[in-house]
Protein chains: 2
Amino acid sequence: MREGPDIARIASLVGDPARANMLTALMGGTALTASELALEAGVSLPTASSHLSKLMEGGLLTLASQGRHRYYGLAGPQVAGMIEAITGVAASVGPQRVRPGPRDAAMRVARVCYDHLAGEQAVAMLDRLVDKKVLIRDDNDIRLGQSAASHFAALGIDVESKARRPVCRACLDWSVRRSHLAGTLGAAILDKILLEKWARREKDSRAVVFSPLGKQAFEKVFLA
Amino acid sequence: MREGPDIARIASLVGDPARANMLTALMGGTALTASELALEAGVSLPTASSHLSKLMEGGLLTLASQGRHRYYGLAGPQVAGMIEAITGVAASVGPQRVRPGPRDAAMRVARVCYDHLAGEQAVAMLDRLVDKKVLIRDDNDIRLGQSAASHFAALGIDVESKARRPVCRACLDWSVRRSHLAGTLGAAILDKILLEKWARREKDSRAVVFSPLGKQAFEKVFLA
DNA sequence: AGAATACTTCGATGAAGGACGAACTATGCG
DNA sequence: CGCATAGTTCGTCCTTCATCGAAGTATTCT
């Protein structure tokens, strides 16, 4: 009846809770082993293995075998973008099954979203960059302002786009319900934050924890 | 186990073939009745009705009742964007169950994608606009060039973004496997094409058919 | 080699949900 | 009012697929 790509096939892969949890976990940007993903999804190892082979077959994941460990990761930015888009819709239409408990307070403040920073800090950063006209924003569309090149060069970040991805992009933050910065620039900023050791990634979590001094440095540079 | 929006719920709504066909049909931009959608999805009326109420409950559709007709349409640009993202992934990973038969030759040349033009013509147009530096492109990120405002003003199109949507955006074309122009600018250009009667929409299809004179005019303006 | 860890495959079970026909409601037309 | 068209609701059938335990393969450790 219909022509074109088989969108139901892809969507139904994401449409299972266990697989959706795995994909969400992989939005953390680092590849995870089958056991870790089983834990994350709350299913047994055999079940997880079955899901993983389906996701592989569907082309949503990549696999890197290292000895007896098999590391699964998102197949690429396009897949990550799709997950973001679905998350965005779910966040805006969904009757929130959210309970912003103290448990994930750290997640609300700052966390990793595939390869860039998300959470309150990230939202505040984007707001400030737009205020200072370093970035210029039309809702979901973000582009570089006049001063962007020099502003980021001073931080050792090259804004010239060499990669096959947008430099800037808005990514809806599910915890704050406002956008933060994605794209190569967002990824470069997260790199910088971790490289300078302003913050470290919490083990087994997407949370990003700033050190007291790191927080000062970050705020001086991005929120001043 | 996991917090945040219920992405599996949304994805599983799209993950059923019948519903996916309906949503794809609605990417045509015009609202359709329950019977039309049933036909499009290849299911009986009761089945379609059941699917439609699920999609409504999920917040993916809007409903406008007119007499005994009930017109269903996509809930908004965010939902359309999600469908695009899924379609993009499906097109790039999928082993194409495509048979580019002569039947949809017209679709390959030009068709509607929610509210903008897609197909070979649209891809060629974007290429040309980038060549002429009217638009500047970093892969999926597209922004206005210096000459954009005057260029489009001459066509009666205002590029200032008033709406809550990006002005320009790249949208992956499943038939050509390259990008065409979406966003408010893409929508405005399609409006212009239809308003000037350079082309008309094929009945019961997303295909857009240019008249001989209209094709000349379009090519003169956008492909010269 | 033998044992332990990491993961997959197999087989059986069970629940979720997609399908349609028949009956019901609502709007329009003569 | 009676008939036709548009759509929904109900009940039932039936397929699909997620789940897990048990057994099998692969890799590393000692």
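This one's a predicted model, so the numbers in the text were calculated from it and none came from an experiment. Quick note on labels: first sequence line is chain A, next is B, and so on, each numbered from 1. Heavy atoms only: backbone and side chains are in, while hydrogens, waters and symmetry mates are out.
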Report task. Nearest-nucleotide wise, let me know which of B/P46 and B/K54 is further upstream toward the 5' end of DNA chain C. Result -> B/K54

Query raised in the report: Hey, are A/S50 and A/T47 close enough side-chain-wise for a donor-acceptor pair under 3.5 Å?
Result: no

**Report entry** Distance-only donor-acceptor check, side chains B/T33 and B/E36, under 3.5 Å
**Finding:** yes

If the cut-off is 4.0 Å, is [X] near the phosphate of [N], judged by side-chain N/O to OP1 or OP2?
X	N	value
A/T47	D/dA18	no
A/H51	D/dT19	yes
B/S44	C/dA19	no
B/R70	C/dT27	no
B/Y72	D/dA6	no

Query raised in the report: Taking the side chain as C-beta and beyond, is there a heavy-atom pair between B/F152 and B/I189 under 4.5 Å?
Result: yes

Using whole Å, report how far [atom1] of [X] lies from [atom2] of [N].
X	N	atom1	atom2	result
A/L37	C/dT8	CG	P	10 Å
B/E57	C/dG17	CD	C1'	14 Å
A/M22	D/dT19	CE	P	9 Å
A/D16	C/dG17	CG	P	11 Å
B/L52	C/dG17	CG	C1'	16 Å
B/L61	D/dT8	CG	P	12 Å
A/L45	D/dA18	CG	C1'	16 Å
A/R9	D/dC17	CZ	C1'	16 Å

Query raised in the report: If you count the non-hydrogen atoms of other residues, nucleotides and ligands that lie under 6.0 Å from CD in A/E57, is the total more than 12?
Result: no

Report task. By nearest nucleotide on DNA chain D, pick out whichever of B/A34 and A/S12 is the more 5' one. Result -> B/A34

Query raised in the report: Base, sugar-phosphate alone, or nothing: which one does A/T33 contact when heavy atoms must sit under 4.0 Å apart?
Result: sugar-phosphate

Query raised in the report: If every non-hydrogen atom of A/L13 is compared with every non-hydrogen atom of A/G58, which pair is closest and at what distance?
Result: CD1-CA, 3.7 Å

